[in-house]
Amino acid sequence: MKTPPLLIFAFFAAALARLTAADAPDLKPLLAQPDKIVLHDDFSKARPVNKQQWGARQGTRWTIVDGVLRGQPSSAEYQAKKKDHKGVEPRISAPVTPAQFVAKFSVRFNGGSETAVVPFIEFGHHVCRVRLSREGTEVVADGDTTRLAEAKDFKYEPGKWYHVLAEMKGDEFVIQFAGGPTLYAKHECFTKPAASGANGLGIAGPKDGTAELDNVTLWTIKPEAQPGWASRRAQFPAFKPVEVKAKK
C-alpha cells in the first residue's frame, strides 16, 4: 500500500520546519553576561504545557507538538463570551523570565493577518515590545507610547523562523535577529515590573493565525556587563525617541 503524496509532503514539511528551527546561528550576548539558566526547553517530547513556566493568555490554546510550543487562538465559544481580549491572536508569556536577563529562542508566526498590534515579541507586558510588520521592525516601551529603535528594512515574513537573542540589564535592552538587525534601546521603565498583564518573555501571533516557539533558554545575569560593552554601545546608530499612540 502506497503512502498518499499529501502525507509524504506533510512529513517532509514538518521535518524541514524542525531543521530550520534547530539550525539557529549561535548568537552571543553583547550587553550582559549570562549566569544561571532558569529555563531551557527544546520541546522535543510531546507533553502537557508546564503552566508554572508558560502562561497562555486570553484563553488561547497552546500545545507541545511536532517539536515546538504551538499556539492558536481561543475557541469560538470563548470568543463569544468576551467583550474584549477575545484571544483572536495566540498569546503566551513566560513568568519565570528574570527581571534582568539573557533570552535566546526561535519564534515563527504562521497564517492569519498582521494588525496594527501583532505579531510581536515583548518583555514585560507593554514594558518593552518588539513589533514585526511589513513596514519594518520597531522597539516600543512604556505602555507602547515611545518608539526607541527601528529597522525599517527588516520586514515581517509569515512562516519564517526568527532566531533571537535578547538582553536586558538595568535600563538598557539589546535584541539580535540572526541574519537581521541588532537593535538597542534605553528607558527607565525597563527597571520596573509590568504594571498590568504578564511579566517576562511574551509573544503574540497574527490575528487568526498560529505562533510557535522553539529552543528557549532564559538566564539570570551577572552584575558586570560584557567586556567592551561601552565601545560596542557607541557603535549603535543614534535614534531620538519618538512619542507614538499606545496600542492595545
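Owing to the predicted nature of the structure, the values given are computational and were not obtained by experimental measurement.
Side-chain atoms of V127 and F173, non-hydrogen and from C-beta on, never get closer than 4.5 Å to each other. The shortest distance between side-chain heavy atoms of E167 and F123 does not fall below 4.5 Å. Residues S75 and K81 have side chains not in contact (no heavy-atom distance under 4.5 Å, counting atoms from C-beta outward). When side chains are defined from C-beta on, P181 does not count as touching T137, because their heavy atoms never get closer than 4.5 Å. Contact of the E89 side chain with the S113 side chain is not registered, since no non-hydrogen atoms from C-beta on lie closer than 4.5 Å. A heavy-atom distance below 4.5 Å is found between the side chains of H125 and R57. Considering only heavy atoms from C-beta on, P95 stays 4.5 Å or farther from N199 through its side chain. Residues F105 and L39 have side chains not in contact (no heavy-atom distance under 4.5 Å, counting atoms from C-beta outward).
Crowding of K160 atom NZ: a count of heavy atoms from other residues, nucleotides or ligands under 6.0 Å exceeding 12. Heavy atoms from other residues, nucleotides or ligands lying under 6.0 Å from CD of E243 number 12 at most. The environment of K186 atom NZ is dense: over 12 non-hydrogen atoms of other residues, nucleotides or ligands sit within 6.0 angstrom.
In this structure a side-chain-to-backbone donor-acceptor pair under 3.5 Å is present from T220 to K36. The backbone N or O of H163 sits nowhere less than 3.5 Å from a side-chain atom of K104 that would complete a donor-acceptor pair. Between the side chain of R70 and the backbone N or O of V68, no donor-acceptor pair lies under 3.5 Å. Judged purely by atom type and a 3.5 angstrom limit, S74 uses its side chain to pair as donor or acceptor with the backbone of K86. The closest donor-acceptor contact from the side chain of Y162 to the backbone of E157 lies under 3.5 Å. Using a distance-only test at 3.5 Å, with no hydrogens or angles considered, no donor-acceptor pair links the side chain of T146 to the main chain of P241.
With no hydrogens or angles considered, no side-chain donor-acceptor pair links W219 and T217 at under 3.5 Å.
With respect to the salt-bridge test (charged N to carboxylate O, under 4.0 angstrom), the residues R131 and E114 qualify. Between D142 and K192 there is no salt bridge, since no side-chain nitrogen of the basic residue lies less than 4.0 Å from a carboxylate oxygen of the acidic one. Salt bridge K222/E224: absent, no basic N to carboxylate O contact under 4.0 Å.
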Apply side chain to side chain contact (heavy atoms under 4.5 Å, CB included) to L132 and F109, showing your working. CA-CA 10 Å; L132 303 166; F109 304 113; 3.8 Å; yes

Test side chain to side chain contact (heavy atoms under 4.5 Å, CB included) applied to L69 and V216, step by step: CA-CA 10 Å; L69 176 61; V216 178; over 6 Å; no

Where do W62 and W54 land on the side chain to side chain contact (heavy atoms under 4.5 Å, CB included) test, with the steps shown first? CA-CA 9 Å; W62 291 81; W54 298 102; over 6 Å; no

Are Q226 and I221 close enough, and set up right, to give a side chain to side chain contact (heavy atoms under 4.5 Å, CB included), and what steps lead you there? CA-CA 10 Å; Q226 283 282 348; I221 64 173; over 6 Å; no

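Shortest non-hydrogen contact noted between P73 and D208 is CG-CA, 3.8 Å.
Aromatic ring orientation, H187 versus F190: tilted (interplanar angle from 30° to 60°). Between Y184 and F236, the angle of the ring planes stays under 30°, which puts this pair in the parallel group of the 30/60° scheme.
There is a path of hydrophobic side-chain contacts, each under 4.5 Å, that joins L218 to V49.
Rounding to the nearest 0.5 angstrom, the gap separating the OG1 atom in T210 from the CG atom in N110 is 4.0 Å.
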